[in-house]
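In what follows, chains are A, B, ... by sequence order, proteins preceding strands, each numbered from 1. Quantities reported herein were computed from a predicted structural model and do not represent experimental measurements. Scope of the values below: all heavy atoms of this structure, side chains included, with no hydrogens, waters or symmetry mates.
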Number of protein chains: 2
Amino acid sequence: MRAIDYAGVLKHQPIFSQFTPAECEELLAYCTPHNLVKNENLFQQGETATGFYVVVHGRIKLALQAPRGAEKVVEIVTDGGSFGEAAMFLAKPYPVLAQALCESLVIFVRGEFIFARIASDPQFARSMLCVLSHQLHALIADVESYSLKSATERIAAFVLKESARRSSDQITLALSKYVLASRLSITPETLSRALHQMSNRGLVEVDGRKIRILDRPQLHEMLQPA
Amino acid sequence: MRAIDYAGVLKHQPIFSQFTPAECEELLAYCTPHNLVKNENLFQQGETATGFYVVVHGRIKLALQAPRGAEKVVEIVTDGGSFGEAAMFLAKPYPVLAQALCESLVIFVRGEFIFARIASDPQFARSMLCVLSHQLHALIADVESYSLKSATERIAAFVLKESARRSSDQITLALSKYVLASRLSITPETLSRALHQMSNRGLVEVDGRKIRILDRPQLHEMLQPA
DNA sequence: CGAATGATTGAAATTAGTCAAGCCTTGTGG
DNA sequence: CCACAAGGCTTGACTAATTTCAATCATTCG
């Protein structure tokens with residue numbers, strides 16, 4: 001078993017792409033890798049943040065927890081993504097729970113390094129500002145979706161977005177339908193029913209976790225002004 | 001009519017509080033003040049951002065617009081607040097509409113200046129990162145509210161938060177109930193009914209736009225685990 | 001004063017959630 | 001290799017929360 005070249009791994013993360021190999025070596029001293037098994041928690045809602053996380057590979061679920069086991073999945077972070085920056089900058093508790101949906105490798109980066117780097121590298125500061133700005137806009141898009149679209153419309157939007165991301169009419173859910181439903185702020189039952197209904201209308205073809213788009217124009221029309 | 005000392009005004013905005021008077025003078029060259037009348041639009045959803053805005057005084061509504069006149073109020077920005085930073089950093093369109101709810105003075109700050117300042121002043125970069133982080137966490141709190149709380153609970157939470165902000169049991173809505181309802185993602189009708197119900201239960205006393213908290217413990221309990 | 005806007009109220013409709021049962025995989029251990 | 005347990009998914013019937021529609025009432029402010 002050979003040691004992983006974590007410095008090399010860091011170099012390949014979008015957020016550190018401007019770093020030289022030497023800088024990655026330096027950064028490494030402030031990093032802690034975490035190998036997570038499926039369903040393992042990385043941190044709980046409420047734990048105070050002293051750094052943030054980069055997802056090397058895998059899928060990390062960020063979720064809000066409510067009494068009686070209810071939860072709301074806010075985001076699924078995948079390869080190359082990061083999370084926890086905002087809590088780090090504010091030195092506040094993480095507002096969400098982070099849990100691995102599958103075997104994942106994430107790297108914890110101590111805030112200490114980031115703060116120093118920002119002080120010395122304005123370009124890096126710009127990158128972090130862009131990362132946070134992206135996250136903010138993504139959340140606003142979610143709020144728009146929750147507030148102004150019906151359950152079926154949200155599902156249609158999701159299918160189209162996934163399809164665009166993979167440049168394919170055929171998408172395979174990397175998530176259980178339970179998690180997807182929570183991400184879309186609906187119940188699994190509603191998701192199931194809505195997919196069936198879309199299937200009956202000939203918009204999509206559903207086979208387990210595979211969804212194929214049959215009538216893209218019609219699907220788009222569902223999201224347009226009435 | 002005497003010219004307003006905008007440099008002095010800038011100095012008093014939280015986001016520029018670290019600036020020296022000389023720096024504020026310099027900043028001023030990149031600023032454009034806007035006096036807005038009630039209901040005046042500052043920008044439309046979709047306009048490309050080349051800077052951001054600071055609210056000197058007044059109330060600016062940020063809202064998502066949907067077909068058929070529907071809209072969702074995302075945030076109300078008040079004195080000392082700012083908005084549009086994320087769109088500026090991404091050089092993307094504003095995802096929301098900005099409209100004055102009352103006569104307001106806002107100052108537009110060109111991104112050009114901010115970018116230069118970030119390059120030369122790491123402390124300022126930190127400030128901007130904190131501002132964005134705050135906005136992100138505020139949005140997550142909203143998502144939590146929308147997803148995991150009932151309409152009545154959201155109203156109770158709002159009343160308590162307003163009361164805390166003013167350190168008083170008595171709050172006076174600075175918003176029309178229509179705008180407040182949209183902010184809480186409910187309809188005005190539901191807001192009206194819920195307030196009445198809370199009033200009937202002796203939790204609050206409602207008189208037009210004045211709300212007085214009568215039973216704070218009970219109100220808190222509504223937000224706790226069942 | 002009177003139009004316009006905002007707020008309230010009631011009744012009906014609708015969406016989505018809840019509860020409960022059953023089904024279908026999938027993986028595991030006998 | 002089969003059987004069964006477990007989880008994930010689907011389905012149906014019912015319920016509940018909130019919205020919609022419509023009408024009325026109040027307020028404000030030209």
Side-chain angles (χ1 to χ4, degrees), chain A residues 37-39 59 61 66-73 99 101-103 145-158 172-200 204-211 222 226, chain B residues 37-39 59 61 66-73 99-103 145-156 158 172-200 204-211 222 226:
Chain A
V37 299
K38 186 174 174 178
N39 294 325
R59 275 186 299 284
K61 172 183 93 178
R68 297 178 52 209
E71 72 169 23
K72 155 65 187 164
V73 175
Q99 185 185 51
L101 288 178
C102 60
E103 197 185 327
S145 186
Y146 304 147
S147 307
L148 300 171
K149 290 183 183 139
S150 72
T152 313
E153 286 167 345
R154 294 205 290 277
I155 296 167
F158 169 82
T172 303
L173 301 179
L175 313 162
S176 74
K177 289 196 176 160
Y178 173 83
V179 172
L180 173 59
S182 176
R183 176 76 185 77
L184 298 175
S185 280
I186 56 182
T187 58
E189 290 95 329
T190 301
L191 174 58
S192 177
R193 283 187 252 265
L195 278 176
H196 252 243
Q197 188 196 319
M198 286 164 66
S199 174
N200 287 338
V204 297
E205 186 183 82
V206 182
D207 173 26
R209 289 194 179 179
K210 289 195 194 116
I211 301 174
M222 289 181 60
Chain B
V37 299
K38 186 174 174 177
N39 294 325
R59 276 185 299 284
K61 171 183 94 179
R68 298 179 50 211
E71 71 169 23
K72 156 64 188 166
V73 176
Q99 185 184 51
L101 288 179
C102 60
E103 197 184 326
S145 186
Y146 304 148
S147 308
L148 300 171
K149 291 185 182 136
S150 72
T152 313
E153 286 166 346
R154 295 205 289 276
I155 296 167
F158 169 82
T172 304
L173 301 178
L175 311 163
S176 74
K177 290 197 176 160
Y178 172 82
V179 171
L180 174 59
S182 176
R183 177 75 184 76
L184 298 175
S185 280
I186 55 182
T187 57
E189 291 94 330
T190 301
L191 174 59
S192 178
R193 284 185 251 265
L195 278 176
H196 253 242
Q197 188 196 317
M198 286 165 66
S199 174
N200 287 339
V204 297
E205 186 181 82
V206 182
D207 173 26
R209 287 194 181 180
K210 289 193 194 118
I211 300 174
M222 288 182 60

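Rounded to an integer number of Å, the gap from Asp207(B) CG to dT8(C) P is 10 Å. Rounded to whole Å, the distance from CD1 on Ile186(B) to P on dT8(C) is 12 Å. Here dA17(D) presents its P atom at 18 Å from NZ of Lys149(B), a figure rounded to the nearest Å. The separation between Glu153(B) atom CD and dA17(D) atom P is 11 Å, rounded to whole Å. Here the C1' atom of nucleotide dT19(D) and the CG atom of Leu148(A) are 14 Å apart, to the nearest Å. Rounded to whole Å, atom P of dT28(D) lies 17 Å from atom CG of Asn39(B).
Phosphate proximity of dA16(C) to Thr187(A): absent, as no side-chain N or O sits under 4.0 Å from OP1 or OP2.
Of all heavy-atom pairs spanning Ser185(B) and Lys72(B), the tightest one is OG-NZ, 2.9 Å. Pairing each heavy atom of Leu195(A) with each of Ile155(A), the nearest pair is CD2-CG2, 4.0 Å. Minimum heavy-atom separation, Ala157(A) to Lys149(A): CB-NZ, 4.4 Å.
Side-chain contact between Arg209(B) and Ser176(B) is present, with heavy atoms from C-beta onward closer than 4.5 Å. Annotation: side chain of Arg59(B) is in contact with side chain of Leu175(B) (closest heavy-atom distance under 4.5 Å).
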Atom pairs under 3.5 Å, N or O on each side, protein against nucleotides 6-11 of chain D: can you list them with distances?
residue	atom	partner	partner atom	Å
dC9(D)	OP1	Lys177(A)	N	3.3
dC9(D)	OP1	Arg209(A)	NE	3.4
dC9(D)	OP1	Arg209(A)	NH2	3.4
dC9(D)	OP2	Lys177(A)	N	3.1
dT10(D)	OP1	Lys177(A)	NZ	3.1
dT10(D)	OP2	Ser192(A)	OG	3.3
dT10(D)	O5'	Ser192(A)	OG	3.3
dT11(D)	OP2	His196(A)	ND1	3.2
dT11(D)	OP2	His196(A)	NE2	3.1

Distances for protein N or O near nucleotides 25-27 of chain D N or O, under 3.5 Å:
none

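For the pair Lys177(B) (side chain) and Gly208(B) (backbone), a donor-acceptor distance under 3.5 Å is present. Between the side chain of Ser145(A) and the main chain of Arg154(A), no donor-acceptor pair closer than 3.5 Å is present.
Taking a 6.0 Å sphere around CD of Glu103(A), one finds it holds 12 or fewer heavy atoms contributed by other residues, nucleotides or ligands.
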